[in-house]
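Have a look at the structure below before the remarks.
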Amino acid sequence: MTTTATGGPRLRFAPSPTGSFHVGGARTALYNWALAHSMGGTFVLRIEDTDEVRNHPQWTAGIIDALAWIGIGADDPVFEGPYFQSENAQAHLDAAADLYARGLAYYCDLTTEQIQARAADSGRPGYDGYSRDRGLGPGPGHVLRFRVPDGTTVVEDLVRGRVEFDNATIEDFVLVRGNGTPVFLLANVVDDLSMRIDHVIRAEEHLPNTPKQQMLFEALGAPVPVWAHVPVLVNEQRKKLSKRRDKVALEQYRDEGYLPEAMVNYLMTLGWAPSGDTEIVAWDRIVDEFRLQDVTHSPAFFDIRKLEAFNGDYIRMLSVDEFIDRCRGWIPGDWDAERFVVMAPLVQTRVATLAEVAPMVEFLFVDDPVRDERSWTKAMGPEWAAPLLDESIAAYETAEWTADALKGALEAVGETHGLKLGKAQAPVRVAVSGRSVGPPLFESLEVLGRDETLRRMRGARADVTTG
RNA sequence: GCCCCCAUCGUCUAGUGGCCUAGGACACCACCCUUUCAAGGUGGCGGCACGGGUUCGAAUCCCGUUGGGGGUGCCA
């Protein structure tokens, strides 16, 4: 196993490649990452791929990409890995053999059905330790079970405090499957041991596993790591975020135009808050202030609305040049770059995600923008719409082609109808863009040019007559 | 069922016995600004689940109740 020279604490993030990368996993990774930095430690990435049926290589690549997107990657010296749990299978089996040799584990040949039947008969759920003293040896279909000792197991948790478990409530759990492969509980502990992990920070759903793993550390004669179980992320129904029913894929947020720095910042505020009266803070400060002891104890609702607000703030914090740069990939490559540069600052304050950029200015880059019926009806409805269009067309045929002049001209036309600019601009806006909302109108017209503006206005005017 | 965790505005949180007539953020509402829509500014609505203790004093400590959640696999 490779090691780094930092000598500080060693933390790990150990996802299993069973699907797209979960935002909850991202937060756990971020917590580990922040701590690795603030404590001068090492962040170890270990892919837990011991589930033969759900182990898909493409998911592993997805995890690594997603982590890189939020700033966690091999280009940082704090990062170590990725390691693959499956590659350590022999070490897991060696540990199992050791446990068996020392009488701390035993073989059992009961099938799941038989265990359930016994439980039903006795009225007590779970495995009853039937094979504890039957002296069975290894064999096909024989699972190796840990002999849970009497007493209580006390877990010292950095966020929960002291948690006590009566060992009598913990059944003799399986270490090695009937097919000879090690299960998570064992593999996880053995790997943490061989990778010299001393801080285990993971989601609260693992808390019930912890006494079992702690017993394993003790049985293996190893020091117990520092535990920290952070609350899970939940949906609106307050249920743990699930891949099946909730929008949890980090990749999806990336593809919808969320900025990684906004996502990182938001994720960190779920279960924790920076000091001061704003939650929008730079990563450096998060690293500086984040402490496990300050993590909340209760589940946090993953609120996409708030994420969106964060994202909008982050977009607005960008310089215009940066914003334009970030828009690359979000707007068609054949769009006139100069034209977009002019519009960019006007768009920047109006979007919450990068995905909203192109639709907002599309009308400036296509020949015939889609006409929104509701907008059309509303804007062209008043009887003054047609004459106003006529008069502004006339004015625009000779007006100086600058936003200010265009605004002044329309203002004057509106006045003759007793209209404020807010009302008067509506028919022109819909005529040119097809919609009633969009970027500032006169700047848009300036960019569009006299010929195209007049063409669209005349076309719209004709349609008003037609009805 | 059993084991474990949790409980401050709708949501995310600050609060670690007096600084709390409980602070901030998101959302929402109003007003201002204004070429639509945003952004921005100002203001507002809104919370310590309940009941007992402990204490001169409790959002903060203890117990109970209720309510949520997690786990209960030869998944991780």
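Throughout, protein chains are lettered first and strands after them, A, B, ... in sequence-line order, and every chain is numbered starting at 1.
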Provide, to the nearest angstrom, the distance between the [atom1] atom belonging to [X] and the [atom2] atom belonging to [N].
X: Gln114(A); N: rG73(B); atom1: CD; atom2: P; answer: 17 Å
X: Gln237(A); N: rG69(B); atom1: CD; atom2: C1'; answer: 14 Å
X: Asp313(A); N: rA27(B); atom1: CG; atom2: C1'; answer: 14 Å

Has [X] got a side-chain atom pairing as donor or acceptor with [Y]'s backbone, closer than 3.5 angstrom?
X: Glu391(A); Y: Leu388(A); answer: no
X: Arg450(A); Y: Ala399(A); answer: yes
X: Asp246(A); Y: Val248(A); answer: no
X: Arg145(A); Y: Tyr107(A); answer: no

| query | Can you check whether Phe302(A) and Tyr266(A) have ring centres sitting under 6.0 Å from each other? | reply |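 Ring centres of Tyr266(A) and Phe302(A) closer than 6.0 Å.
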| message | So that I know where these two stand, are Tyr396(A) and Trp401(A) an aromatic pair - ring centroids less than 6.0 Å apart? | response |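 Ring centres of Trp401(A) and Tyr396(A) closer than 6.0 Å.
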Does [N] have a Watson-Crick or wobble mate here (both distances under 3.5 Å), and if so which one?
N: rG1(B); result: rU72(B)
N: rC28(B); result: rG44(B)
N: rU21(B); result: none

Hey, does [X] reach any base, or is it just sugar-phosphate, or nothing, if we go heavy atoms under 4.0 Å?
X: Ile115(A); value: nothing
X: Lys239(A); value: sugar-phosphate
X: Gly271(A); value: sugar-phosphate
X: Val174(A); value: sugar-phosphate
X: Glu48(A); value: sugar-phosphate
X: Ala309(A); value: sugar-phosphate
X: Pro231(A); value: nothing
X: His229(A); value: nothing

Spacing of the [atom1] atoms in [M] and [N] (rounded, Å):
N: rC62(B); M: rU16(B); atom1: P; answer: 16 Å
N: rG10(B); M: rA22(B); atom1: P; answer: 15 Å
N: rC32(B); M: rA49(B); atom1: C1'; answer: 39 Å
N: rA14(B); M: rC20(B); atom1: C1'; answer: 12 Å
N: rG46(B); M: rU8(B); atom1: C1'; answer: 12 Å
N: rG24(B); M: rC45(B); atom1: C1'; answer: 16 Å
N: rC48(B); M: rA59(B); atom1: C1'; answer: 5 Å
N: rU21(B); M: rU55(B); atom1: P; answer: 23 Å

| said: So, OP1 or OP2 of rG71(B): does either fall under 4.0 Å of a side-chain N or O from Lys240(A)? | reply: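 Lys240(A) to rG71(B) OP1/OP2: side-chain N or O found under 4.0 Å.
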| query | In chain order, what residues pass the ring pair (Phe, Tyr, Trp, His ring centres under 6.0 Å) check against Phe340(A), with sequence neighbours excluded? | reply |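 Scan of Phe340(A) (ring pair (Phe, Tyr, Trp, His ring centres under 6.0 Å), adjacent residues dropped) gives none.
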Which one, [options], comes nearest to the side chain of [X]?
X: Thr349(A); options: rA38(B), rA14(B), rC37(B); answer: rA38(B)
X: Arg316(A); options: rG24(B), rA76(B), rA39(B); answer: rA39(B)
X: Leu270(A); options: rA25(B), rC12(B), rA76(B); answer: rC12(B)

| message | Contact between Trp384(A) and Leu419(A) at the side-chain level, heavy atoms closer than 4.5 Å - yes or no? | response |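 Result yes, sub-4.5 Å side-chain heavy-atom pair found.
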| request: Assign a letter to each nucleotide of nucleotides 1-11 of chain B from its 5' end: B, base within under 4.0 Å of a protein heavy atom; S, sugar-phosphate only; -, no contact. | output: B-SSSSS---S
| field | Nearest-nucleotide 5' precedence on RNA chain B, Leu307(A) against Pro15(A) | value |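 On the 5' side of the pair lies Leu307(A).
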| message | Return whichever of Val183(A) or Thr269(A) has its heavy-atom-nearest nucleotide of RNA chain B closer to the 5' end. | response |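 By nearest-heavy-atom nucleotide position, the 5'-most residue is Thr269(A).
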| request: Look at the side chain of Arg305(A) against the base of rC26(B) and say whether a donor-acceptor pair falls under 3.5 Å; ignore hydrogens and angles. | output: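 Not at all, since no donor on one side and acceptor on the other fall under 3.5 Å apart.
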| task | Report yes or no: is there a donor-acceptor pair, N or O only, under 3.5 Å between the side chain of Asn188(A) and the base of rA76(B)? | result |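 Counting by modelled atom types and ignoring angles, no donor-acceptor contact under 3.5 Å is found here.
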| task | Can you sort out the partners of Glu205(A) under side chain to side chain donor-acceptor pair (under 3.5 Å), two or more places apart, ordered by chain and number? | result |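 Glu205(A): no side chain to side chain donor-acceptor pair (under 3.5 Å) contacts found.
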